[in-house]
Number of protein chains: 2
Amino acid sequence: MPMQRNIRPMWWHGRFRGCGYRITAPREAILDVLSKSDDHLSAEEIYIKVHTYYPAVGLTTIYRTLDILANMGLIFKFDFGDSRARYELSEGPKGKKHHHHLICTNCNRIIDYADFIDEEIKLLEQTEKGLLKKYNFKSTNHLIQFYGLCEKCQ
Amino acid sequence: MPMQRNIRPMWWHGRFRGCGYRITAPREAILDVLSKSDDHLSAEEIYIKVHTYYPAVGLTTIYRTLDILANMGLIFKFDFGDSRARYELSEGPKGKKHHHHLICTNCNRIIDYADFIDEEIKLLEQTEKGLLKKYNFKSTNHLIQFYGLCEKCQ
DNA sequence: CTCTTATTGATAATGATTTCCATTCTTAAT
DNA sequence: ATTAAGAATGGAAATCATTATCAATAAGAG
Ligand SMILES: [Mn+2]
Ligand SMILES: [Mn+2]
Ligand SMILES: [Zn+2]
Ligand SMILES: [Zn+2]
């Protein structure tokens, strides 16, 4: 019995095909879960959510798909220090916009932070430009996290 | 046969005692390795280096000690995406000064980057101040990494 | 519809980090 | 210097997230 499938082509189908990947039910389910969540989900959390709709999908496929998505740049893979990778849809058609993270070292809460100051963005670009000159390092991305205590934990 | 021990009190002894920890040969060896290295060492790499002088020290002790040191703030624990934690002496009496990292996504080389622009430091402080007001998040530390291609890999 | 082969899921394997626990060593008090 | 209390250690076993295998299945081009 083939899985129930959404007929309508999704925003990512083109990009997926372009890379030579096939559109499959597990992949649709995983992207569906990711696009409907505001959290930073682990592979197992995604597995559990997908599992409620498609019990047939295995954890292995979750890992495999996440790997593909991360390599394609559709999702970001993070390490927040809880010994498991966490994933989040990257910026794009359906993704939230670029942001940084505040991490509470006490309760491990992750807070998205996107209200950058203009200067903040400007300086970041300036810095990347500087890195190119000083180290001849061509930066394509950056990771910025602040560690400290959240409102509740102070 | 007790291990050979350096009699002279080291810079970190006081801080160590203050936390109620004992000064032991394995701990001295580990801090010695860390302070003599410019790299971002993994637990096993440290184990191997320590092992050449003190074959009796076990890998378990390396992990335990690194955990203590990280909690005390004497070292930083990093994840550079190669599925093992990497450690580096933090700033301080014998540590190098605060810096950020450039990570080559092709050859995995890690480059320390410390020549900040004045504005860069100023803005960072400003940002942390802003986070306190907007999110009531008291930042005590930050992690900044740039991903891209190093000189050789472009 | 048919065929090629990418994809999948169950299971086993991996590998870094932890847990256990009996033994050893550090250190404060004699 | 001796002693005693318990912190620290190391080797082996256990965890646990992530990968590798491989036979079975299903996507999609023709
Ligand atoms: Mn986020
Ligand atoms: Mn460094
Ligand atoms: Zn908190
Ligand atoms: Zn490189």
Side-chain angles (χ1 to χ4, degrees), chain A residues 1-7 9-10 12-14 16-31 40-48 50-51 53-72 77-87, chain B residues 1-7 9-10 13-14 16-31 40-48 50-51 53-72 75 77-87:
Chain A
M1 174 180 59
M3 284 179 185
Q4 181 66 36
R5 293 283 297 282
N6 191 340
I7 305 301
M10 299 278 104
W12 49 271
H13 283 195
F16 232 69
R17 287 251 176 61
C19 293
Y21 293 119
R22 294 179 179 177
I23 312 297
T24 70
R27 286 170 178 176
E28 291 199 293
I30 291 166
L31 270 155
H40 307 87
L41 302 169
S42 69
E44 186 157 21
E45 284 168 350
I46 294 168
Y47 169 68
I48 290 171
V50 167
H51 199 265
Y53 293 99
Y54 302 107
V57 176
L59 183 55
T60 305
T61 297
I62 306 289
Y63 276 109
R64 265 188 304 234
T65 303
L66 289 172
D67 202 46
I68 288 173
L69 293 173
N71 283 327
M72 289 179 62
K77 180 180 185 178
F78 291 106
D79 166 58
F80 292 124
D82 61 346
S83 68
R84 79 208 53 195
R86 293 190 169 278
Y87 304 83
Chain B
M1 172 181 57
M3 283 178 189
Q4 182 66 34
R5 291 282 297 281
N6 190 339
I7 306 301
M10 298 278 103
H13 284 193
F16 232 71
R17 286 248 176 60
C19 293
Y21 293 119
R22 295 180 176 177
I23 312 297
T24 70
R27 285 170 179 177
E28 292 199 291
I30 290 166
L31 270 154
H40 308 87
L41 301 170
S42 69
E44 185 157 20
E45 284 169 351
I46 294 169
Y47 170 67
I48 290 171
V50 167
H51 198 265
Y53 293 98
Y54 302 107
V57 177
L59 183 54
T60 305
T61 297
I62 307 288
Y63 276 108
R64 265 187 308 234
T65 302
L66 289 172
D67 202 47
I68 289 173
L69 293 174
N71 283 326
M72 289 178 64
I75 63 175
K77 180 180 185 179
F78 290 106
D79 166 57
F80 292 125
D82 61 346
S83 69
R84 79 207 55 192
R86 293 190 168 277
Y87 305 83

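First the proteins, then the strands, lettered A, B, ... as listed; each starts at 1. Only a predicted model underlies this, so the values are computations on that prediction, with no experimental measurement involved.
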Under 4.0 angstrom, heavy atoms only, what part of the nucleic acid is A:S42 near: base, sugar-phosphate, or nothing?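 A:S42: no heavy atom of the nucleic acid under 4.0 Å.
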With a 4.0 Å cut-off on heavy atoms, is A:R22 in touch with a base, just the backbone sugar-phosphate, or nothing at all?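 The residue A:R22 makes base contact.
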Nucleotide nearest B:A43 when distance is taken to its side chain, options C:dT17, D:dT9, D:dT18: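 Output: C:dT17.
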Rounded to the nearest Å, what distance is computed from the [atom1] atom of residue [X] to the [atom2] atom of nucleotide [N]?
| X | N | atom1 | atom2 | value |
| --- | --- | --- | --- | --- |
| B:K77 | C:dT18 | NZ | P | 6 Å |
| A:L66 | D:dT19 | CG | C1' | 14 Å |
| B:I62 | C:dT18 | CD1 | P | 14 Å |
| B:E44 | C:dT14 | CD | P | 16 Å |
| A:R27 | C:dA6 | CZ | P | 11 Å |
| B:R84 | D:dT19 | CZ | P | 12 Å |
| A:D79 | D:dA17 | CG | P | 14 Å |
| A:L69 | C:dT7 | CG | P | 12 Å |

[X] side-chain N/O to [N] phosphate OP1/OP2 under 4.0 Å:
| X | N | value |
| --- | --- | --- |
| A:R17 | D:dG28 | yes |
| B:T24 | D:dA7 | no |
| A:Y63 | D:dT18 | yes |

pair [X]-[Y]: side-chain heavy atoms closer than 4.5 Å:
| X | Y | value |
| --- | --- | --- |
| A:F80 | A:H40 | yes |
| A:R22 | A:F16 | no |
| A:T65 | A:L31 | no |
| A:K77 | A:R86 | no |
| A:W12 | A:M72 | no |
| B:Y87 | B:L41 | no |

If only atom types and distance count, is the side chain of [X] paired as donor or acceptor with the main-chain N or O of [Y] below 3.5 Å?
| X | Y | result |
| --- | --- | --- |
| A:D67 | A:Y63 | no |
| B:R27 | B:A25 | no |
| A:T61 | A:V57 | no |

Bend angle of the helix from C:dC1-D:dG30 to C:dT30-D:dA1, from helix axes over five pairs at each end, nearest 10°: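 Answer for the end axes of this duplex: 50°.
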Using the closest heavy atom to pick a nucleotide of DNA chain C for each, name whichever of B:R86 or A:F16 lands nearer the 5' end.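 Its nearest nucleotide being more 5', the pick is A:F16.
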Is there any protein nitrogen or oxygen under 3.5 Å from a nitrogen or oxygen in nucleotides 11-15 of chain D, and what are the pairs?
residue : atom : partner : partner atom : Å
D:dA12  : N6   : B:T60   : OG1          : 3.3

Just by distance, with hydrogens left out, do B:H13 and B:E28 show a side-chain donor and acceptor under 3.5 Å apart?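 B:H13 vs B:E28: donor-acceptor pair found between side chains.
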